[in-house]
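Data block below; observations after.
Every heavy atom of this structure was used, including side-chain atoms; hydrogens, water molecules and symmetry mates were not.
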Amino acid sequence: MNLLDTLNKEQREAASTITGPLLIIAGAGSGKTRVLTHRIAYLIEEEAVNPWNILAITFTNKAAGEMRERVDKMVGYGSESIWVATFHSTCVRILRRYIDRIGYDTNFTIYDTDDSKTVMKEVCKRLQYDPKQIKERALLNAISSAKNELIGPKEFALNAQGDLWSQKVADAYAEYQKTLHKSNALDFDDLLMLTVELFRSCPDVLENYQNRFQYIMVDEYQDTNTAQFELIRLLADTPEHNLCVVGDDDQSIYKFRGANIHNILDFEKTYPEAKVVKLEQNYRSTQNILSAANAVIRNNMERKDKALWSDQGEGDKIHFKAFESAYDEAEFIAGDIARKCKAERLKFGDFAVLYRTNAQSRLLEEQFVMEGMPYQVVGGVNFYSRKEIKDVLAYLKTIDNGLDDVAVRRILNVPKRGIGATTIARVQDFAAAKEISFFEALLGAEEIPGLGKGASKLVNFTTMIRAFRGKMKEYSLRELLADVLETTGYLEELKTSGEEDAEDRVENVEELVSKLAAYEESAEQPTLSGFLEEVALVADIDTVGEEGDRTLLMTLHAAKGLEFEHVYIAGMEDGLFPGYMTISSDDPSDMEEERRLAYVGITRAKKHLTLCAAQKRMIHGETQYNPISRFIREIPEDLLDRPLPEKKSRAVDEFFDDNDSLFSGFGSRSSGYGAEDGYGHRTRETVPDRAPGNGVNYGSSGTFTKAVHSYNTQKTLNGLSRKTPESRKPFIAKGVSGLSKGMPVGIKPSYDVGDRVKHIKYGEGVVTALEKREKDYQVTVSFDEAGQKIMYAGFAKLQRIE
DNA sequence: CACAGGTCTCTTTTT
DNA sequence: GAGACCTGTG
């Protein structure tokens, strides 16, 4: 049997075209990964290509891992020598070997966004920039874009002439880069830019890799930026141009990160001899879902014409639900999934909830906990950017590379060693004057003038670090980390800090310990540097495994490449999705990008798609009233299971003209609203409370999940009473800060003074007071563990217990 | 030097 | 609503 027999005609053509440039336009769900893996197998088995000569590049580690796994299954011997990696890790591997050719040390560390920010703060201080006028963030964004466009500090300065802001950026860029270089550190963008620089300035190195990578494949090509484009172009700059890129221009959603959709749109201009194959048959979704996706994406101008089709039949209509509030929306989604799982014996893992912004996960998460359902939030705060993890890693980095100033300074006084700001400033000045690193300055603490007794504290610190370094030879990595946690007293301080989430933090540190242990076991030659490097390049999506039956909650961005039987998209409102920034942008391509995101979201669903909108929700502490998303209105009505409320475009202040039809954008006849369809106000009492005590996700089987935050309503109270700032944004209800008109008074809770109640976060306690307030009941509870708390009944969601 | 409390801003998306 | 930042106090 032929290797390619199971492919359709187009797929087969794509997989068997092996010489010259090849562009595969692969619509969502068209079997792209299948084609890539078959192509690799075909190269090796039919064309006798040496696996060693194959390079396959992806964006995420997860994608790389999956590809590797699938290729392994198809290709017997030799598949391990295929180079399958992400852009960033590919660059790291190359730079570790050759970066000394362009003036860096091969033992460089990688700075994440947080670290970059710390450096930039420093730079701004040095350049005496007014933090009110010049934001680090803006500078970093400008520098990042420059790097993505392969513009180095010198070239940037040349271009900046005559423009005041650009000149400020140019100075900061130069200084920033100098600081990084001194710390022997590279940021994410450097990895790409410097690899290109290396190739350009060292033709022998480039040639070496060109010889090795005779067959190059790039996945998700629509998301490449200029640096990535150039990197690939250089590698494929051989007489044969054996370059195969796969992508879908309709799924280009990373413009904010420098992705240039023209890389894929203009592929044929770069390589006039290129062959193009379009994969339009979709094997994932029903026709109704595809028709909806097609209808939405058709509104974009900048795209290659194509239309997905399926032979799986029409399937269900698209479900549309509108709710009064974001709270109702979340309640419905969690309840609906719970109900379906129970009634139809479906698995939680068959469901995913997608949203535009990470902030939306909170309400959903709360509801999932209420329902006692297993779930995992993907994204949000990356595991490796959590404070406690960064602290511990900073110790390891300091031990590994003393030049990493950011790491050293991070932990110098963590846990507290009585080393304050003045001392640090003196060390800093000394280091700057002597042109040595911060750590080197610490080593010579006695020579630093004006330190007084502070000097001995610094000596204690450096002695400790040097002791760790000394022990590295005899220690395993695990032992080293255990020693660090013990000797520094970090874990001890964390445990006794009394902070509310101390427990979660300790768990996270323990998680890190097991990650290190796992690394040490699986790596061929485990080293501290190796571990730190691996850790620097993981994305949150990478940690989503197959195992465990739980519903995934994530942003639309994170969902790219995934598929689920049931998909819910929450927050389909103009102002949120498409976002406010997009709506007010004068660049039409911004809206196109947003629309592509909608397309990505819709095409994640295999069988059932539910689109949700809420007429009001809190954003940045303000209550916003948003109309239904234009993307929903772009879907033909006959594909939806219910008619949309009439669209009206009335001015914002007219919202409040009459109380009866307050939210005209949603249709005053209230058709389609949750309350009357029986789902919108699904009561909490109907589902047994299986919620775990402290937000640990039921059944999440070892994968890291974000802990549920407390909803301490003391803060809410402040939030509500705060004056709503004068706002220029559209769709924001001016002057309404939740407490004023139209808000119903909370229903008297089911518990009373003297009852025992249970709170998600604080555990059990006794109600000591219950008072009616303007908007809600204020309840005071004396918790067994957490002490007395005052909260609003509507928010606290207390459960009465016997 | 450490900590508590207040103010301000903010991201939309992330390797 | 939360984090970063600033300020005043012990």
Side-chain angles (χ1 to χ4, degrees), chain A residues 57-64 85-92 110-114 117-118 121 131-132 135-138 141 144 147-148 187-192 220 223-225 227-228 252-259 354-360 362-363 378-382 384-385 387 413 416-424 453-454 457 536-542 554-560 571 575-583 585 590 593-594 596-597 600-601 617-623 709-720 722 725 729 738 795:
Chain A
I57 291 201
T58 62
F59 272 83
T60 65
N61 294 300
K62 184 165 190 272
T86 65
F87 271 105
H88 288 85
S89 59
T90 298
C91 290
V92 171
I110 301 164
Y111 276 0
D112 67 17
T113 338
D114 258 23
K117 206 169 148 199
T118 311
K121 242 178 254 170
K132 290 226 168 66
K135 304 245 159 64
E136 300 122 34
R137 207 190 165 79
N141 282 339
S144 174
K147 287 182 175 177
N148 287 333
D187 68 18
F188 282 136
D189 303 315
D190 282 337
L191 296 175
L192 299 165
E220 307 279 13
D223 285 327
T224 51
N225 60 34
Q228 288 156 337
S252 170
I253 55 172
Y254 283 105
K255 185 178 162 200
F256 70 93
R257 212 167 68 190
L354 312 181
Y355 37 80
R356 180 67 239 265
T357 67
N358 276 310
Q360 288 169 257
R362 164 175 305 259
L363 280 177
V378 180
V381 186
N382 187 321
Y384 292 103
S385 37
K387 181 179 172 296
N413 197 32
K416 309 239 165 353
R417 302 186 174 92
I419 302 169
T422 18
T423 308
I424 293 175
K453 56 183 193 290
K457 293 173 183 164
L537 297 175
V538 296
D540 211 67
I541 187 73
D542 296 337
M554 68 191 128
T555 62
L556 290 149
H557 280 87
K560 190 164 65 124
L576 184 63
F577 185 36
Y580 157 67
M581 293 294 278
T582 312
I583 292 173
S585 161
D590 287 342
E593 169 120 341
E594 202 84 348
R596 291 193 287 270
L597 197 53
V600 167
R617 77 171 68 231
M618 285 275 262
I619 294 177
H620 300 322
E622 284 174 315
T623 305
H709 298 81
S710 82
Y711 359 99
N712 182 339
T713 36
Q714 291 289 66
K715 285 177 188 166
T716 308
L717 200 144
N718 293 337
L720 288 173
R722 204 187 91 197
K729 297 177 191 172
F795 281 85

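- Contact annotation: side chain of A/R356 to base of B/dT13, donor-acceptor pair present below 3.5 Å.
- Between A/K416 and B/dC3, a side-chain N or O to OP1/OP2 separation shorter than 4.0 Å is present.
- Contacts of A/N225 with the nucleic acid, taken as non-hydrogen atoms under 4.0 Å apart, are absent.
- Counting non-hydrogen atoms under 4.0 angstrom, A/G579 reaches nothing in the nucleic acid.
- No hydrogens or angles considered: nothing links the side chains of A/S385 and A/D114 as a donor-acceptor pair under 3.5 Å.
- For B/dC10, neither phosphate oxygen OP1 nor OP2 lies less than 4.0 angstrom from any side-chain nitrogen or oxygen of A/R137.
- Note: CD1 (A/I583) to C1' (B/dT13) measures 16 Å, nearest angstrom.
- Distance NZ (A/K132) to P (C/dC6): 8 Å, rounded to an integer number of Å.
- The aromatic ring of A/Y254 does not sit over the base of B/dT13; the criterion of centres under 5.5 Å apart with planes under 30° is not met.
- Comparing C/dC6 with B/dT11, their C1' atoms are spaced 23 Å from each other, to the whole Å.
- Aromatic ring centres of A/H557 and A/F256: separated by under 6.0 Å.
- At a threshold of 4.0 angstrom between heavy atoms, the contacts of A/A359 with the nucleic acid are absent.
- Between A/T357 and B/dT11 there is no side-chain polar atom (N or O) within less than 4.0 angstrom of OP1 or OP2.
- Between A/H88 and A/F59, the gap from one ring centroid to the other reaches at least 6.0 Å.
- An OP1 or OP2 oxygen of B/dT11 is reached within less than 4.0 angstrom by no side-chain nitrogen or oxygen of A/N141.
- C/dA4 and B/dT13 are spaced 16 Å apart, taking the P atom of each and rounding to whole Å.
- Each of A/L597 and A/G418 was matched to the nucleotide of DNA chain B holding its nearest heavy atom; the match closer to the 5' end belongs to A/G418.
- For A/T113 and B/dT15, the shortest distance from a side-chain N or O to OP1 or OP2 is not below 4.0 Å.
- At the phosphate of B/dT12, neither OP1 nor OP2 sits under 4.0 Å from any side-chain N or O atom of A/R257.
- Looking at heavy-atom distances under 4.0 Å, A/K121 makes contact with sugar-phosphate atoms alone, never a base.
- Note on A/K135: only backbone sugar-phosphate atoms sit closer than 4.0 angstrom, heavy atoms only; bases stay farther off.
- Using a 4.0 Å heavy-atom criterion, one finds that A/F256 contacts the bases of the nucleic acid, with or without backbone contacts as well.
- A/T86 and A/S89 share a donor-acceptor pair across their side chains, judged by distance under 3.5 Å alone.
- Checked against C/dA2, B/dT15, B/dT12, the side chain of A/H88 finds its nearest nucleotide in B/dT15.
- Phosphate proximity of B/dT14 to A/N358: present, with a side-chain N or O under 4.0 Å from OP1 or OP2.
- Using a 4.0 Å heavy-atom cutoff across all strands shown, A/T423 reaches sugar-phosphate atoms only and no base atom.
- Judged by distance alone, the side chain of A/E593 and the main-chain N or O of A/D590 form no donor-acceptor pair under 3.5 Å.
- OP1 or OP2 of B/dT12 has at least one side-chain nitrogen or oxygen of A/H620 nearer than 4.0 Å.
- Distance alone, capped at 3.5 Å, places no donor-acceptor pair between the A/N141 side chain and the A/A138 backbone.
- Both A/I424 and A/H557 lie near DNA chain B, and the one whose nearest nucleotide falls closer to the 5' end is A/I424.
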